[in-house]
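Throughout, a chain's letter reflects where its sequence line sits, starting with A, and its residues are numbered from 1. Values in this document were obtained by computation on a predicted structure and should not be read as measured data.
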Number of protein chains: 2
Amino acid sequence: MSFVILRAMNDRQEQWQAAERLALTLAEGGLQRMAARTLAVFLFTDQDSVTAGEIAERLDASAGAVSGAVKSLLSVGLIERLPAPGSRREHYRLRDDAWARLFTSQNTAFQAMLQAARTGVETTAEHDPAHRRLTQMRDFYEFMLDEIPAMLDRWRRHRQPDRRM
Amino acid sequence: MSFVILRAMNDRQEQWQAAERLALTLAEGGLQRMAARTLAVFLFTDQDSVTAGEIAERLDASAGAVSGAVKSLLSVGLIERLPAPGSRREHYRLRDDAWARLFTSQNTAFQAMLQAARTGVETTAEHDPAHRRLTQMRDFYEFMLDEIPAMLDRWRRHRQPDRRM
DNA sequence: ACGACACTTCAGAAATTTCTGAAACTTCGG
DNA sequence: CCGAAGTTTCAGAAATTTCTGAAGTGTCGT
């Protein structure tokens, strides 16, 4: 008759593992390690919001490390500080549009690539093989920078169909 | 009357700077530093192909570092080894579809994220806030994994319109 | 077969990133 | 105003990533 309890323990374990995997993947994708682990906590916590202290406890990390991670997640717009509910502790939670934002943050990098390509195209002669390569690179990033916003629009519509009117 | 020469020198300088900037951006995007610098060489070189030795000279790096970088670029499919033209040295060049591939390589990361989200959704109860968050995450990545191939198709068509028939 | 040249591998050095611990700062309750 | 709880900052420690140098491997020309 302890099947239910055992099942619950299994689920907890699996959740923890999934969170860890997620953090590793996010880290490979360029996020700092601690920021990635923190983001995983925001996703998998069973509370509506968490404090820095709770994150530190859950990750067994120092308050300092958590503070830095939270700051960086805030700056990218993935989490938000909640209007203080009369407590001394700051509460944070995942933003509703976190995923779209995570994706959007690529745009900065794309802009930089595009600029580098443009400079290359301009300073390079017609017959130079580099000119052809850089032109193609420029065209690709121009295309992408145009497509991404459209894609995110489709996502938002996909999520909440027919809000218009 | 040395205007032309001066202009050429300026261009070279700018090209080098653009290449450096590009390498930094690529590195921030997750590519290893040396791999990023090497990729920049492939882009900006005025030759059709380059050898590992030439890259090492251009970047003032050790042969070992270049070897590793080339290997990793090969494994991601951004460059290709040219059928040896009877020389002892291996020649490499940027692949024609390098940019699409660079973008596509994200798919692996996306798959991992999706899997983590699915595990989370399955092991989480209806009323748990985590369930809602993980469901949204899952939906986002499912959507994206569906959209990306379509986007790359549009890019390929955009590049070489009307090949059909 | 041999020698020369180019590339690869890998152990350890160097550089960089990331984390901790402790002190400083802020804010709330009394 | 003071004290406690929570958070932030930051110097230096720890961990990780990245590179070099040297030895090893393979291949081509002779």
Side-chain angles (χ1 to χ4, degrees), chain A residues 20 22-42 45 47-76 78-93 109, chain B residues 20 22-42 45 47-76 78-93 109:
Chain A
E20 287 283 305
L22 173 68
L24 282 180
T25 306
L26 285 166
E28 306 223 331
L31 219 52
Q32 293 164 334
R33 182 199 307 265
M34 199 62 192
R37 296 183 70 205
T38 301
L39 187 52
V41 171
F42 277 106
T45 181
Q47 302 173 236
D48 284 322
S49 65
V50 292
T51 67
E54 288 164 352
I55 296 168
E57 189 185 8
R58 169 92 193 253
L59 297 179
D60 190 28
S62 75
V66 171
S67 175
V70 165
K71 187 155 74 163
S72 86
L73 291 179
L74 275 174
S75 78
V76 195
L78 291 178
I79 63 176
E80 62 193 342
R81 194 185 307 248
L82 287 181
S87 157
R88 226 164 322 181
R89 312 193 271 179
E90 303 280 6
H91 282 247
Y92 303 91
R93 74 172 170 207
Chain B
E20 288 281 307
L22 173 69
L24 282 180
T25 306
L26 285 165
E28 306 223 330
L31 219 54
Q32 292 164 335
R33 183 199 307 266
M34 199 61 192
R37 297 183 69 204
T38 301
L39 186 52
V41 170
F42 277 105
T45 182
Q47 301 173 238
D48 283 324
S49 65
V50 292
T51 67
E54 287 164 352
I55 296 169
E57 188 185 9
R58 170 91 192 252
L59 297 180
D60 190 29
S62 74
V66 171
S67 175
V70 165
K71 187 156 71 161
S72 85
L73 291 179
L74 275 174
S75 78
V76 195
L78 292 178
I79 63 175
E80 62 193 340
R81 193 186 308 247
L82 287 180
S87 157
R88 225 164 324 180
R89 312 193 272 177
E90 301 282 5
H91 282 248
Y92 303 91
R93 74 173 169 205

*Once you round it to whole Å, what is the distance between P of dT27(C) and CZ of Arg81(A)?*
11 Å

_Looking at Gln47(A), I want to see if its CD is surrounded by more than 12 non-hydrogen atoms of other residues, nucleotides or ligands under 6.0 Å._
yes

_Base versus backbone protein contacts along nucleotides 16-23 of chain D [heavy-atom cut-off under 4.0 Å; B, S, -]_ = S-SSBB--

*d(NE2, His91(B); P, dC28(D)) in whole Å*: 13 Å

*Write down the distance between CD (Glu90(B)) and C1' (dG26(D)), rounded to a whole number of angstrom.*
10 Å

*Set of side chain to side chain contact (heavy atoms under 4.5 Å, CB included) partners for Glu28(B), sequence neighbours left out*: none

*Go through the structure and list residues passing salt bridge (charged side-chain N to carboxylate O under 4.0 Å, His left out) with Arg93(A), not counting sequence neighbours.*
Glu80(A)

*asked:* Check the phosphate of dC7(C) against Lys71(B), side-chain N and O only, distance under 4.0 Å to OP1 or OP2. Yes or no?
replied: no

_For Ser49(A), side chain to side chain donor-acceptor pair (under 3.5 Å) partners two or more places apart_ = His91(A)

*Output all residues satisfying salt bridge (charged side-chain N to carboxylate O under 4.0 Å, His left out) with Arg33(B), sequence neighbours left out; order by chain, then residue number.*
none

*Give the rounded distance in Å between these two atoms: CG of Leu74(B) and P of dC7(C).*
13 Å

Under 3.5 Å, side-chain donor or acceptor atoms of residues 58-72 of chain A against the rest of the protein: list the pairs with distances, not counting sequence neighbours.
| unit_1 | atom_1 | unit_2 | atom_2 | d |
| --- | --- | --- | --- | --- |
| Ser62(A) | OG | Ala65(A) | N | 3.1 |
| Ser72(A) | OG | Ala69(A) | O | 3.1 |

*asked:* I need the CZ-C1' distance between Arg89(B) and dG26(D), as an integer number of Å.
replied: 17 Å

